[in-house]
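Quick notes on the structure that follows.
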Protein chains: 2
Amino acid sequence: MPKFLPPDKELMAQTRAKLAAAPPPPDDQLDPHIEVLVNDIIGRVADRWTMIILEVLAENGEIRFSQLGREVKGISQKMLTQTLRQMERDGLLIRTVHPVIPPRVEYKLTDLGLSLGAAFCGVWMWAEDNHETILRARQKFDAALNKD
Amino acid sequence: MPKFLPPDKELMAQTRAKLAAAPPPPDDQLDPHIEVLVNDIIGRVADRWTMIILEVLAENGEIRFSQLGREVKGISQKMLTQTLRQMERDGLLIRTVHPVIPPRVEYKLTDLGLSLGAAFCGVWMWAEDNHETILRARQKFDAALNKD
DNA sequence: ATTCATACTTACCAAAAAGAGAGTGTCAAA
DNA sequence: TTTGACACTCTCTTTTTGGTAAGTATGAAT
């Protein structure tokens, strides 16, 4: 799934090992104002369309609106525009309008956008690695419910 | 923000470097069925409450329902129950009911839950590292809008 | 002359998510 | 005796979200 980043199992294993060995977290108390802000960013950034668009953009480099619409299947024009605007506002991508007819608008990721892709890649890999486990857990859970 | 994992800048830098140097991704085409499934998991798993609960759980180890409610501020009882059930169903945590009065129910993460925490940690760090950049981008964007 | 493509915006409407608040059963403390 | 804690569930209402469909401007192709 993380098409823009080949799964690097070795690095992941390394990461996990390091994380497992990590000392107990220093109980950081930080400005609740910032905490709210970061929560907000997570909420906005970690949604379905944003992540998928990010991926397509990372794969294709610069790409036009309707091409994006074709690649991100299932998305409506409205959601595409809306998500793109949000991402532009957050500085994840740049939108270039070529004043020609018919209109030509191109989108490409900024460094910030690319770095988010890299950060989120871990979650894609996790989902890929664990979707079977999750499916089994769900089946077990549902079966247990029906046994009453 | 990723309280359960101390930011490991060194490792992150290493990761980024490695990712930057990575060869172009092999254009993987995988079963669209699985793709949908993984998308679904991402959508469900990467939501606000799930991530915050995950964090609190990782911080506190085993913890009771209403204690959780106090730690995760702003959440309603309904959302707390609902999210916890989903997470249990997905195998992210285990729920232990002690049949005493008053009731005592404890929640703790499974290994799967912990691994998701580790995977998502990169996104928290990204958000922490970049929230100022994002704020500035937004201000710039909004200012540009008002200039017309 | 009509249609198509582009990149949208706007209006309307249905569905889903989420908040608020009351109810439940039991015991212990005030 | 009333109150409160616990861990919920249930219902009602509000808010948010997202889809559909139409409209817009322009020139080129049929």
Side-chain angles (χ1 to χ4, degrees), chain A residues 36 39-53 56-57 60 62-90 93-108 141-142 144-146 148, chain B residues 36 39-53 56-57 60 62-90 93-108 141-142 144-146 148:
Chain A
V36 169
N39 272 18
D40 178 73
I41 288 171
I42 293 282
R44 143 121 12 133
V45 119
D47 88 301
R48 220 182 108 143
W49 294 132
T50 304
M51 285 307 113
I52 295 177
I53 290 174
V56 172
L57 240 30
N60 295 54
E62 202 159 22
I63 185 173
R64 297 179 64 179
F65 181 84
S66 30
Q67 185 57 27
L68 252 172
R70 265 171 248 127
E71 303 272 346
V72 181
K73 22 185 183 295
I75 197 170
S76 66
Q77 232 178 15
K78 183 187 169 184
M79 276 298 102
L80 186 55
T81 317
Q82 210 172 91
T83 312
L84 250 16
R85 279 299 129 75
Q86 253 174 203
M87 291 173 77
E88 192 195 356
R89 185 168 112 99
D90 288 344
L93 53 79
I94 42 175
R95 177 171 173 266
T96 319
V97 183
H98 303 269
V100 296
I101 280 158
R104 176 188 189 78
V105 182
E106 297 200 303
Y107 296 88
K108 69 182 282 218
F141 185 89
D142 295 347
L145 269 188
N146 292 347
D148 314 335
Chain B
V36 169
N39 272 17
D40 177 74
I41 288 171
I42 293 281
R44 144 125 10 136
V45 118
D47 87 302
R48 219 182 108 133
W49 294 133
T50 303
M51 284 307 113
I52 295 177
I53 290 174
V56 172
L57 239 30
N60 295 56
E62 202 159 22
I63 184 171
R64 299 179 62 179
F65 182 84
S66 30
Q67 185 58 25
L68 253 173
R70 266 171 248 124
E71 303 271 348
V72 182
K73 25 187 182 293
I75 198 172
S76 67
Q77 235 179 11
K78 182 187 170 184
M79 276 299 101
L80 185 55
T81 315
Q82 210 172 92
T83 311
L84 285 172
R85 279 299 129 75
Q86 253 174 202
M87 291 173 76
E88 192 194 357
R89 185 167 115 97
D90 288 345
L93 54 79
I94 41 173
R95 176 171 172 265
T96 318
V97 183
H98 302 271
V100 295
I101 279 157
R104 176 187 188 79
V105 182
E106 298 199 303
Y107 296 87
K108 69 182 281 217
F141 185 89
D142 295 346
L145 269 189
N146 292 348
D148 314 335

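Order of the sequence lines sets the chain letters (A, B, ...), proteins ahead of strands, with each chain counted from 1.
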Using side chain to side chain donor-acceptor pair (under 3.5 Å) as the criterion, list what pairs up with [X], not counting sequence neighbours.
X       : answer
A/Arg85 : none
A/Thr50 : A/Asp47
B/Arg44 : none

Just jot down the side chain to side chain contact (heavy atoms under 4.5 Å, CB included) partners of [X], sequence neighbours excluded, or say none.
X        : answer
B/Ile94  : B/Lys108, B/Thr110
B/Ser76  : B/Lys78, B/Met79
B/Val105 : B/Arg95, B/Val97, B/Tyr107

Task: Degree of bending, the helix from C/dA1-D/dT30 to C/dA30-D/dT1 (end axes from five pairs; round to 10°) - done: 30°
TODO: Check every strand shown and say whether B/Arg44 touches a base, only sugar-phosphate, or nothing at a heavy-atom separation below 4.0 Å.
DONE: nothing
TODO: Could you tell me whether A/Arg95 contacts a base, only the sugar-phosphate backbone, or nothing, with contacts defined as non-hydrogen atoms closer than 4.0 Å?
DONE: sugar-phosphate
Task: Value in whole Å for how far the P atom of D/dA7 lies from CD of B/Gln82 - done: 18 Å
- [ ] Rounded to the nearest angstrom, tell me the gap between atom CG in B/Leu68 and atom P in D/dA7.
- [x]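 Whole-Å distance recorded here is 10 Å.
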Task: Which residues share a salt bridge (charged side-chain N to carboxylate O under 4.0 Å, His left out) with B/Arg89, sequence neighbours left out - done: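 B/Arg89: salt bridge (charged side-chain N to carboxylate O under 4.0 Å, His left out) contacts with A/Asp142.
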Task: salt bridge (charged side-chain N to carboxylate O under 4.0 Å, His left out) involving B/Arg104 - partner list, sequence neighbours excluded - done: B/Glu106
TODO: Report yes if some heavy atom in the side chain of A/Thr81 is under 4.5 Å from a heavy atom in the side chain of A/Phe65; otherwise report no.
DONE: yes
Open item on the list: Are B/Glu88 and B/Leu84 packed together at the side-chain level, in the sense that at least one heavy-atom pair is separated by less than 4.5 angstrom?
Closed with: no
- [ ] Verify whether one side chain among A/Gln82 and A/Gln86 offers a donor that lies under 3.5 Å from an acceptor in the other.
- [x] no
- [ ] Within residues 72-81 of chain B, find the residues that approach DNA chain C with a heavy atom at under 4.0 Å, and present them sorted by residue number.
- [x] B/Ser76, B/Lys78, B/Met79
Open item on the list: With a 4.0 Å limit, can you tell me whether B/Arg64 has a side-chain N or O closer than that to the phosphate oxygens OP1/OP2 of D/dA7?
Closed with: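 It does, given that an N or O in the side chain of B/Arg64 lies less than 4.0 Å from OP1 or OP2 of D/dA7.
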Open item on the list: Please report the interatomic distance CD(B/Glu62) to CG(B/Leu93), rounded to the nearest 0.5 Å.
Closed with: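 It is 11.0 Å, given to the nearest 0.5 Å.
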Task: Outermost nucleotides of DNA chain C that come under 4.0 Å of a non-hydrogen atom of chain A - done: C/dT6 to C/dT9
Between N or O atoms, less than 3.5 Å apart, protein on one side and nucleotides 24-30 of chain D on the other: list the pairs.
none

Open item on the list: I want to confirm an ordering. Mapping A/Asp47 and B/Val105 to their closest nucleotides on DNA chain D, which one lands closer to the 5' end?
Closed with: B/Val105
Task: Closest heavy-atom pair and its distance - B/Ile75, B/Ile53 - done: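 Nearest heavy atoms, B/Ile75 then B/Ile53: CD1-CD1, 4.3 Å.
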